[in-house]
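Shown next, in C-alpha cells, is the structure this report addresses.
Values in this document were obtained by computation on a predicted structure and should not be read as measured data.
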Amino acid sequence: MTAPERNASVSIDPVKLDRLAEVAVKVGLRLQPGQDLLLTAPSVALPLVRRIAVHAYKAGAGLVTPLLSDEAITLARYRYGHEAGFDRAADWLYEGMAKAFGANTARLAIVGDNPMLLSGEDPVKVARASKANSIAYQPALEKIVNFDTNWNIIAYPSPSWAKQVFPDVPEDVAVAKLADAIFAASRVDQDGAVAAWEKHNAVLRERTEWLNGQRFHALKYSGPGTDLTIGLADGHEWEGGASTAKNGITCNANIPTEEVFTTPHCRRVSGHVVSSKPLSYQGTLIDNMAVRFEEGRIVEAKASRGEEVLRKVLDTDEGAARLGEVALVPHSSPISKSGLLFFNTLFDENAASHIALGQCYSKCFVGGDKLTPQQIAQQGGNKSLIHIDWMIGSAETDIDGIHADGSRVPVFRKGEWA
C-alpha cells in the first residue's frame, strides 16, 4: 500500500468498515461452518479483506483464499506487454476457480478499482483482452450465473475511484465521502445492519411474490424516448434480495441491492429505448444510448459518447445484442436519492430500472436448477460471453405488465411502484 493509499484509508470509518465485512459474511454469503471462501479484491482494499477474513474464520470458514489485483500492474500490461499477449487470459486460474465453486467454495468479490483506469489505453487492446478474459472466465462464470454456490459482491472506496466520483475535493475528502456513500447504500451506516438487511429482504420478497403471482407475458415501458415491449421468458421467475443457491445456502449476491429482476425472452423484445444514466464500461463512459429492437435483437444503436465501444460490445457474440435480464428499481431508491454517479454498475444499476445485454440467469426460471442449457434457450433465455447492465428508468417512466390475453396491470407510474 502506497503512502497516499495509507493516508486515504485513515478517512474510512473503521467501525463501519468492520460492519460491512460482517454483513458480507453473514448476509451476503451466509458462510457456513467448514465452507471455504475464495475472495478477489484490488490490493488497496486490504483493510477490508483482513476484516472479512476475521469474520469468515469466526463464522467457521475452512480456508480463506484471497486473490489481489493491482492498478499499476494492470497498466503495465497495456503499456509494455507483448502484442500477442492481449489475446490470452489465465484460463488455468479460472478453471481452478470453477473447480472450487463446484466443490462448494463460496465466492466474494470486492470492487473498487478506478472505473476509468483504461480510458487512456489502446481501445483495441482493451477489447481484445476483455474478450479473451471473458472466454477464459466462462467455466467459473457459469457456476456463478447458474447459482451453483453462494456468492456476494461488495465495494471498497479506493482513492482512484473516489476521485472519479468526487473530482473537486482533496483525495482524503473524496475517499471519506465515497466511503460514507458506500456504507449508507450497503445499510451499514448504523447499528443493527444485519437486522436492517432482514427487513429490506422482506420488502423485496413481497415485490417478487406479487410479480410471480401475476405471471405477466410481457412488460411495456413508456417514457421520454422510450416505447419498448419486453417479452418475458417462458416459465420466468422474479428474484430479488436474498436468494437460495443450488448448494442450499440463502445469500444476498449484491450489496447493495434495490432491484427485483427476471429473465426476458431474448426473441420477444421490440421497440426503442434510451438510457437514463451513463454506463461506465472498461474505462469508457457510454452516454445517451439509444437502441431499437426487432424480434429481440438490437438492430440500431447510437450514443452521444462511447458509441464505438458500444458497437464493439454488441458484436461480441450472437447473444450480446439481446437481453439477458430485466430489473425493476423505484426512482426513490436510496442510491437514486444520493444523486451520485458511481461509475460502477453495482451501485448505478440500483438507482434506476435497467436491462442487461447478454447472458441470462438460469436462477430466474421456475425449477431453473433442473433445466438444461438447451431447455433454458428454448424458453427464451439468452447466452453470451457478456452481461452488461444499463439504466433505462427515470421519474417519468411508466411500466405496465401485460398478460397473455392482452390485459394490462400498472406496475410503475412516474418511476415508482404503482
What closest approach, in Å, do [X] and [Y] show between heavy atoms, and which atom pair accounts for it?
X      : Y      : result
Glu258 : Asn350 : N-OD1, 2.7 Å
Asn382 : Gly319 : ND2-O, 2.8 Å
Ile135 : Pro139 : O-CD, 4.2 Å

> Tell me the side chain to side chain donor-acceptor pair (under 3.5 Å) pairs involving residues 322-336, sequence neighbours left out?
Replying inline: Glu318-Arg322, Glu325-His387, Ser332-Glu416
>> By the side chain to side chain donor-acceptor pair (under 3.5 Å) test, which pairs, at least two apart or in different chains, include something from residues 197-207?
In response: Arg187-His200, Asn201-Asn252
> Taking only residues two or more places apart in sequence, or in another chain, which ones meet Phe412 in a ring-ring contact (aromatic ring centres under 6.0 Å, His included)?
Replying inline: Trp417
>> According to ring-ring contact (aromatic ring centres under 6.0 Å, His included), who are the partners of Tyr94, at least two apart in sequence or on a separate chain?
In response: Tyr137
Using a distance-only test with no angle check, is there a side-chain donor-acceptor pair under 3.5 angstrom linking [X] and [Y]?
X      : Y      : result
Thr229 : Ser270 : no
Ser160 : Asn114 : no
Asn150 : Gln35  : yes
His55  : Asp18  : yes

> For the rings on His403 and Phe216, is their centre-to-centre separation under 6.0 Å?
Replying inline: yes
>> For residues 271-294, which residue pairs pass the salt bridge (Lys or Arg N to Asp or Glu O under 4.0 Å) check, not counting sequence neighbours?
In response: Arg292-Glu294, Arg292-Glu300
> Side-chain contact, heavy-atom cut-off 4.5 Å: Ile182 with Tyr156?
Replying inline: no
>> If we check side-chain contact (heavy atoms from CB on, under 4.5 Å) with Ile154, which of these qualifies: Val111, Leu29, Leu48?
In response: Leu48
>> Could you check whether atom CD of Glu308 has more than 12 heavy atoms from other residues, nucleotides or ligands sitting under 6.0 Å from it?
In response: no
>> Applying side-chain contact (heavy atoms from CB on, under 4.5 Å), can you list everything that pairs with Lys125, at least two apart in sequence or on another chain?
In response: Tyr78, Glu83, Phe86, Asp122
>> I want to check a possible cation-pi pair here: Lys16 against Phe183, using under 6.0 Å from ring centre and within 45° of the ring axis as the test.
In response: no
